[in-house]
Amino acid sequence: MRKLLGMLLILLGCLMGLYRWTQAQRKRQAFMEACIRLFAGFAYAVEVGHVRLYDFLEGFEIGQEQLSDFLADLKKLLQENQYAGGQAAWRAAMEKNCPVQEIRGEAREILMASAEAFFGTSSQESLRCIEVCRRRMEECLERERKEYRKKRRVYMPVGMLSGLMLVILLI
């Protein structure tokens, strides 16, 4: 009975590890999708009504929790006017709400560079920068999805087989 319980716990541990990895990948992809929606929404607001970022953030609602926290913190920093410019407030809010282990690589670089787009000197410059950031984020998201599918094909069978091998070795 103890062996059976041990085998089940080992297999359950392997399944939970695979599940957590999958959830982390999906969360990262959802964040990137929300950033793309943010870029598109702000570009539209600037193009149609020349809206300032603070006013845009007041009416813009994002369903992704991490990005919502980031934008709320950014609004707070902009309102308090603690930093010399909007880019500094953007970077401070990002450092606080977007940990390196969750948002990394090119997606993080794009998000950092997008501060220039949101706080540009002219509407045309902002629109151009936002378009570049949106396109780069879409390409990054597509690469992330391809990499996830490729790794999933390997991680799922290997994770379960390693769990089964561990069970066999412990019997």
Side-chain angles (χ1 to χ4, degrees), residues 13 15-152 155:
L15 280 174
M16 288 305 295
L18 292 170
Y19 176 77
R20 288 184 60 125
W21 173 77
T22 301
Q23 290 303 319
Q25 295 296 319
R26 288 184 179 160
K27 184 178 178 183
R28 188 173 305 115
Q29 289 177 13
F31 182 81
M32 294 165 120
E33 290 168 353
C35 287
I36 292 169
R37 284 192 303 273
L38 174 68
F39 295 151
F42 187 64
Y44 179 76
V46 168
E47 192 172 336
V48 171
H50 299 287
V51 176
R52 294 180 321 150
L53 180 63
Y54 185 81
D55 297 332
F56 171 74
L57 293 178
E58 286 293 318
F60 189 72
E61 194 61 40
I62 281 266
Q64 211 276 340
E65 180 183 340
Q66 190 174 13
L67 189 59
S68 293
D69 293 343
F70 164 68
L71 294 176
D73 197 40
L74 178 63
K75 281 193 301 191
K76 180 181 156 199
L77 290 175
L78 289 173
Q79 189 175 26
E80 292 172 356
N81 202 16
Q82 294 178 346
Y83 293 92
Q87 287 114 350
W90 180 275
R91 288 184 179 93
M94 190 168 163
E95 291 299 322
K96 180 180 176 188
N97 293 293
C98 301
V100 175
Q101 64 271 20
E102 289 182 13
I103 307 303
R104 60 179 184 257
E106 188 178 359
R108 186 173 189 79
E109 176 190 321
I110 293 167
L111 200 56
M112 282 291 219
S114 67
E116 303 296 325
F118 286 104
F119 298 100
T121 56
S122 71
S123 296
Q124 293 303 319
E125 179 187 339
S126 291
L127 286 172
R128 185 186 55 75
C129 289
I130 289 169
E131 182 62 27
V132 169
C133 289
R134 186 186 59 79
R135 233 180 296 119
R136 284 184 62 202
M137 188 66 82
E138 287 172 348
E139 292 168 1
C140 184
L141 177 62
E142 189 58 36
R143 279 193 303 277
E144 183 87 20
R145 286 179 177 157
K146 285 179 183 177
E147 185 178 318
Y148 168 69
R149 285 191 294 267
K150 192 167 100 176
K151 285 182 179 180
R152 187 179 64 191
Y155 287 4

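The CD atom of Glu106 sits 4.5 Å away from the SG atom of Cys140 when rounded to the nearest 0.5 Å. With rounding to the nearest 0.5 Å, the separation of OH in Tyr19 from CE in Met16 is 7.0 Å. Taken from CG in Asp73 to CG in Leu78, the straight-line distance is 9.5 Å, to the nearest 0.5 Å. Rounded to the nearest 0.5 Å, atoms CE (Met32) and CD (Glu144) are 5.0 Å apart. Gln87 contributes atom CD, which lies 10.5 Å from atom OG of Ser114 (distance to the nearest 0.5 angstrom). Annotation: the span from Lys76 atom NZ to Leu74 atom CG amounts to 12.0 Å, rounded to 0.5 Å.
Pairs of residues two or more places apart, or lying in two chains, never qualify as salt bridge (Lys or Arg N to Asp or Glu O under 4.0 Å) while including a residue from residues 35-48. Among residue pairs with one or both ends in residues 123-149, those qualifying as ring-ring contact (aromatic ring centres under 6.0 Å, His included) are Trp21-Tyr148; sequence neighbours excluded. Applying the ring-ring contact (aromatic ring centres under 6.0 Å, His included) test to every pair with at least one member in residues 110-141, sequence neighbours left out, gives these pairs: Phe39-Phe118, Phe42-Phe118, Trp90-Phe118.
Considering all non-hydrogen atoms of both residues, Met137 and Ala107 come closest at CE-O, 3.8 Å. Nearest heavy-atom pair, Leu111 versus Cys35, reported as atom, atom and distance to 0.1 Å: CD1-SG, 3.8 Å. The minimum heavy-atom distance between Ala92 and Leu77, with the atom names listed, is CB-CD1, 4.1 Å.
Legend: residues meeting salt bridge (Lys or Arg N to Asp or Glu O under 4.0 Å) with Glu138, ordered by chain and number and at least two apart, are Arg134. Scanning for salt bridge (Lys or Arg N to Asp or Glu O under 4.0 Å) contacts around Arg128 gives an empty result, with sequence neighbours left out. With sequence neighbours left out, Glu33 forms a salt bridge (Lys or Arg N to Asp or Glu O under 4.0 Å) with Arg145.
With a 6.0 Å radius and a threshold of 12 heavy atoms from other residues, nucleotides or ligands, Gln124 has its CD atom at or below the threshold.
Using modelled atom types and a 3.5 Å distance limit, the side chains of Arg26 and Gln29 yield no donor-acceptor pair.
Between Arg91 and Glu95 there is no salt bridge, since no side-chain nitrogen of the basic residue lies less than 4.0 Å from a carboxylate oxygen of the acidic one.
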Quiz item: Could you go step by step and tell me if Glu147 and Gln25 meet the side-chain contact (heavy atoms from CB on, under 4.5 Å) rule?
Solution: CA-CA 10 Å; Glu147 185 178 318; Gln25 295 296 319; 5.9 Å; no
